[in-house]
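Have a look at the structure below before the remarks.
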There are 2 protein chains.
Amino acid sequence: MGEKNHDIFQAISDPTRRKILKLLAGKELSVTAISEHFPMSRTAVSKHLRILSKSKAVIVEKVGRETRYQLQPGALYEVREWLSYFDQYWDNKLAILKHLVEKEEDAANDLTAFKHRMDQENNKR
Amino acid sequence: MGEKNHDIFQAISDPTRRKILKLLAGKELSVTAISEHFPMSRTAVSKHLRILSKSKAVIVEKVGRETRYQLQPGALYEVREWLSYFDQYWDNKLAILKHLVEKEEDAANDLTAFKHRMDQENNKR
DNA sequence: ATTTCATGAAACCTTTTGGTTTCGTAATAC
DNA sequence: GTATTACGAAACCAAAAGGTTTCATGAAAT
């Protein structure tokens, strides 16, 4: 399986991996704990986790004899960024609007806050 | 190549296909026109187009002897939706900031542009 | 009518992907 | 100390992905 794969798009292209990411949302889980949710071998799940790890979508932490995986949502930023390019071409304006109203108002505020912090970061350099 | 593939995540996992989608943003293009942008055969590009078509990310229109492809951004909604699930875990602002810093100014500019679009959308309401 | 152009279908090839089973090893439990 | 647990590495495999070349066909141009 891909050893040099750092591509987040590739990482989330597999349904099993997408499911793993959702599983890890909020809680840190061990390999065995994760693999219990899937009808495949632990080893197979472990490989998926490696791929997710290479793409920085999760981070690894060794705790005793377990390997705990944790979600790192920041890696999804690249996808979000790519998607946003198409915002202007989105023909289904109602869909966008609905989305914005329901889910992205908070995000907008967060982004504003970021912008501020970014500016501060930039000024330091 | 995948004959029964309807998965938009799979469709956008390939960099060539992502580039094609950007190419098609705004303008309708023929197979030959599209393939001129890539270092591979026209046939290969044609296959990518079929995959994009199966995932509904583009629509086909026959015009005389050419086949014109057109972006259908609505297909990306599923991805957007999936991503939005992680919004709540994104409040790990340091992670995002880290990403931004790593990506330097470009990301910052993109963020600004994003913010702008958000404001515009919000003003419409 | 003939040639040229735009394209898809088919056959083919190599690499990658997603899975398996087996085995080794380090940490914990007994 | 021995057994058990948690895991990864390795070898292997079938299928899918991504590309190629060749050929057939329909539309447009000459």
Length of the line joining Lys54(B):NZ and dA17(D):P, which is rounded to integer Å: 12 Å
Between C1' of dT5(D) and CD of Glu66(A), the distance in whole Å: 10 Å
Value rounded to 0.5 Å, distance of CG in Leu21(A) from CG in Leu76(A): 6.5 Å
Gln10(A) side chain near dT17(C) phosphate (N/O to OP1/OP2, under 4.0 Å): yes
Nucleotide of dG19(C), dT7(C), dG19(D) approaching Val31(B) most closely (side-chain heavy atoms): dT7(C)
Nearest-Å distance for atom pair CZ/P, residues Arg50(B) and dG8(C): 7 Å
Atom pair distance, as rounded to whole Å: CZ in Arg42(A) and P in dC23(C): 15 Å
Residue closer to the 5' end of DNA chain C, Gly64(A) versus Ser13(A) (nearest nucleotide): Ser13(A)
Rounded distance (Å) that lies between atom C1' of dA16(D) and atom CG of Asp14(A): 12 Å
Between dC30(C) (C1') and Arg65(A) (CZ): distance, integer Å: 11 Å
Pair Arg68(A) + Glu28(A): basic N to acidic O under 4.0 Å: yes
Under 4.0 angstrom between Ser46(B) side-chain N/O and dT7(C) OP1 or OP2: no
Nearest non-hydrogen partners of Ala75(A) and Ile8(A), listed with the distance: O-CG1, 3.6 Å
Rounded distance (Å) that lies between atom P of dG18(C) and atom CD1 of Ile12(A): 13 Å
Closest-nucleotide 5' rank along DNA chain C - winner of Ala33(B) and Pro39(A): Ala33(B)
Note: Arg18(B)-Asp7(A) ion pair, threshold 4.0 Å (strictly below): yes
Touch class at under 4.0 angstrom, heavy-atom based, for Thr43(A) against every strand present: base
OP1 or OP2 of dG19(C) under 4.0 Å from side-chain N/O of His48(A): yes
Within one Ile-Leu-Val-Met-Phe-Trp-Tyr cluster: Trp82(B) and Phe9(A), side-chain cutoff 4.5 Å: yes
Short side-chain N/O contact from Thr67(B) to OP1 or OP2 of dG8(C), under 4.0 Å: yes
Sugar-phosphate only, base, or nothing, as touched by Ser41(A) at under 4.0 Å among non-hydrogen atoms: base
Donor/acceptor link under 3.5 angstrom from Lys47(A) side chain onto base of dG19(C): yes
Separation of atom CD1 in Ile20(B) from atom C1' in dG18(D), rounded to whole Å: 12 Å
